[in-house]
Amino acid sequence: MASFYLLKHSAVHTTLLQWYETEGRQELPWRLTRDPYSIWVSEIMLQQTQVKTVLERFYFPFLERFPTLQDLAHASEDEVLKMWEGLGYYTRARHMYRAAQSLQHELPQSVHELMRLPGIGRSTAHAIAAFAYQTPVPILDANVKRILYRFFGKKRLAEKALWDLAYQLFDEEHPFEYNQAMMDLGSLVCRARDARCHHCPLHSGCTAAKTDPLNFPEKKQKRAVPIRRKDIVVITCKNRYALKQRTSRFLKGLWGFIEYETNTCSDEKKLGALIQKYSHFHLHADVYIRHEYDDTYDYFTLEEICKLPLSQADIKIVNMLK
DNA sequence: AATACGTGGCG
DNA sequence: TCGCCAAGTAT
């Protein structure tokens, strides 16, 4: 079975590897290390996040603060979230922290064991197994998926079918380089909004390249993003400000100012307004300040607040206070 | 299967 | 400017 596919795609494998040697991004720091923990950090950060953002703002500071799995496990959740501040999808950080605390020494090596850890699904488990432990398994991320849709000329595929194709095209002889090459090809050549087929090593065998590659896969229709209105009240007393730590799923663990659905008292002083765009709604908030003491909340100085993990919306409010 | 979940880069 | 969407997971 495996040798059949190897034979079937050997020409593809050869040209892909040649392309990777000259055009690949071999200098990415998580490709230069063999440390499974560092590779794990990179894989979690890179979920739904551009390489540029992780590379320039988050990967190195996080690893400097938490150089090892043990350092992460022994930190506080506030510290971990603070290093994640601005990266978004904060559940990733809390899951990684929880996983670190559950591990005695190092990450497990098998796809199956990796998938049992919080925050590691099928895609990340394959990536860690492939990149940290050189396990001969294919990866399947957004880049690889797009290549598969186009190469095999499919408009829509279920997850199962995508994994089947990933295994079909996989180069068992050069698993590590093949996987990295596929990521780079999807990121640099076979791009979502720009298929540069004339630069693609898989061009001759690609179905969609012969027609309209940008229409593979079929684009999904998306609903309009709803707007949510809120009033945010900065409650202040003696140069300190009231904050509470969020406990519901949205921005869980982060600290923030007090929010109301809308239309609180009118005698309050207005500080300003803000718009924050989230993935599933847009927040339009008016921000007020009120002098009082309410022992429901914890109070912090501006200096202390800046050391707490905050959402981008709350950071905008902090800047109104400066 | 569909939806919630952040933020910012880029065309 | 504005919408797309980027190395997905959990429920």
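Side-chain atoms are counted along with the backbone in the values below, which use heavy atoms only and exclude waters and symmetry mates. The sequence lines fix the lettering, A, B, ..., with proteins before strands; numbering per chain opens at 1. In this text the structure is predicted, and so the values were computed from the model without any measurement.
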Do the ring planes of A:Tyr299 and A:Tyr293 sit parallel (below 30°), tilted (30 to 60°) or perpendicular (above 60°)? parallel
Would you indicate which nucleotide in C:dA7, C:dC4, C:dT9 comes nearest to any side-chain atom of A:Arg193? C:dC4
What integer number of Å spans the P atoms of B:dT3 and C:dA7? 23 Å
Salt bridge (charged side-chain N to carboxylate O under 4.0 Å, His left out) between A:Arg116 and A:Glu113, intermediate numbers included: CA-CA 5 Å; A:Arg116 298 178 58 179; A:Glu113 290 295 313; 3.6 Å; yes
Nearest-nucleotide 5' precedence on DNA chain B, A:Lys52 against A:Gly88: A:Gly88
Give one of base, sugar-phosphate or nothing for A:Ser279, where a contact means two heavy atoms less than 4.0 Å apart. base
Between A:His282 (NE2) and B:dT7 (P), how many Å, whole number? 13 Å
Ignoring backbone atoms, test whether A:Lys222 places a side-chain nitrogen or oxygen under 4.0 Å from the OP1 or OP2 oxygen of B:dT3. no
Kindly point out which of B:dG9, B:dA4, B:dG6 is positioned nearest to the side chain of A:Arg249? B:dA4
Taking the nucleotide of DNA chain C with the closest heavy atom to each, which residue, A:Lys277 or A:Met183, is nearer the 5' end? A:Lys277
Counting heavy atoms from C-beta on, name the nucleotide in C:dG8, B:dT7, B:dG8 closest to the side chain of A:Arg57. B:dG8
Of the listed nucleotides (C:dC5, B:dG6, B:dC5), which one gets closest to any side-chain atom of A:Leu251? B:dG6
What integer distance in Å separates A:Leu55:CG from B:dG9:P? 13 Å
Contact nearer the 5' end of DNA chain C, comparing A:Leu28 with A:Ile120: A:Leu28
Whole-Å distance separating the CH2 atom of A:Trp40 from the C1' atom of C:dA7: 16 Å
Donor-acceptor pair, distance only, cut-off 3.5 Å: does the side chain of A:Gln245 make one with the backbone of A:Trp255? no
For A:Thr49, report the nucleic acid contact type (base, sugar-phosphate, nothing); a contact means any heavy atom under 4.0 Å. base
When you compare B:dG8 with C:dT1, how far apart are their P atoms, in angstrom units rounded to a whole number? 16 Å
Once you apply a heavy-atom cut-off of 4.0 Å, does A:Trp30 come out as touching a base, just sugar-phosphate, or nothing? base
Are the side chain of A:Glu218 and the backbone of A:Lys155 linked by a donor-acceptor contact shorter than 3.5 Å? no
Between C1' of B:dA1 and NZ of A:Lys160, the distance in whole Å: 17 Å
Once you round it to whole Å, what is the distance between C1' of B:dT7 and CD of A:Gln47? 15 Å
Atom CD1 of A:Ile44 and atom C1' of C:dA6: how far apart are they, to the nearest Å? 15 Å
Side chain of A:Ala142, heavy atoms from C-beta onward: which of C:dC4, B:dC5, C:dA7 has the nearest atom to it? C:dA7
Please determine if a side-chain N or O atom of A:Tyr90 lies less than 4.0 Å away from the OP1 or OP2 oxygen of B:dT7. yes
B:dG6, C:dC5, C:dG8: which one has an atom nearest the side-chain heavy atoms of A:Phe250? B:dG6
Taking C:dA6 as the reference, what is the distance to B:dG6 when you measure between their C1' atoms (whole Å, please)? 12 Å
Sub-3.5 Å donor-acceptor pair from the side chain of A:Arg246 to the main-chain atoms of A:Gly256, do we have one? no
Salt-bridge test for A:Asp286 and A:Arg229: reply yes if a basic N is under 4.0 Å from a carboxylate O, no otherwise. yes
Select base, sugar-phosphate, or nothing to describe what A:Ser42 touches, counting heavy atoms under 4.0 Å on all strands. nothing
Just how far, in rounded Å, is P of C:dC5 from CZ of A:Arg146? 9 Å
Please tell me if A:Arg223 has a side-chain N or O lying less than 4.0 Å from either OP1 or OP2 of B:dA4. yes
Looking for any heavy atom pair under 4.0 Å, which part of the strands does A:Gly121 touch: base, sugar-phosphate only, or nothing? sugar-phosphate
Using a strict cut-off of less than 4.0 Å between a Lys/Arg side-chain nitrogen and an Asp/Glu carboxylate oxygen, indicate whether A:Glu159 and A:Lys145 qualify as a salt bridge. yes
Salt bridge or not between A:Glu85 and A:Lys82? Use side-chain N to carboxylate O under 4.0 Å. yes
Whole angstrom value for the distance that separates P of C:dA6 from CZ of A:Arg25: 13 Å
Does C:dA10 have OP1 or OP2 under 4.0 Å away from a side-chain N or O of A:Thr91? no
With the side chain of A:Ala192 defined as its heavy atoms from C-beta on, choose the nearest nucleotide among C:dA7, C:dA6, B:dG6. C:dA6
Examine C:dG8: is either OP1 or OP2 under 4.0 Å from a nitrogen or oxygen in the side chain of A:Gln48? Give yes or no. yes
Describe the nucleic acid contact of A:Ile139 in one word from base, sugar-phosphate, nothing, applying a heavy-atom distance below 4.0 Å. nothing
Proximal nucleotide (of B:dC5, B:dG8, C:dA7) relative to the A:Gln50 side chain: B:dG8
Starting the side chain at C-beta, find the nucleotide from B:dC5, B:dG9, C:dG8 nearest to A:Asp141. C:dG8
Would you mind classifying the nucleic acid contact of A:Val51 as base, sugar-phosphate or nothing, using non-hydrogen atoms under 4.0 angstrom? base
Judged by nearest nucleotide, the residue sitting upstream toward the 5' end of DNA chain B, A:Arg228 or A:Arg191, is A:Arg228
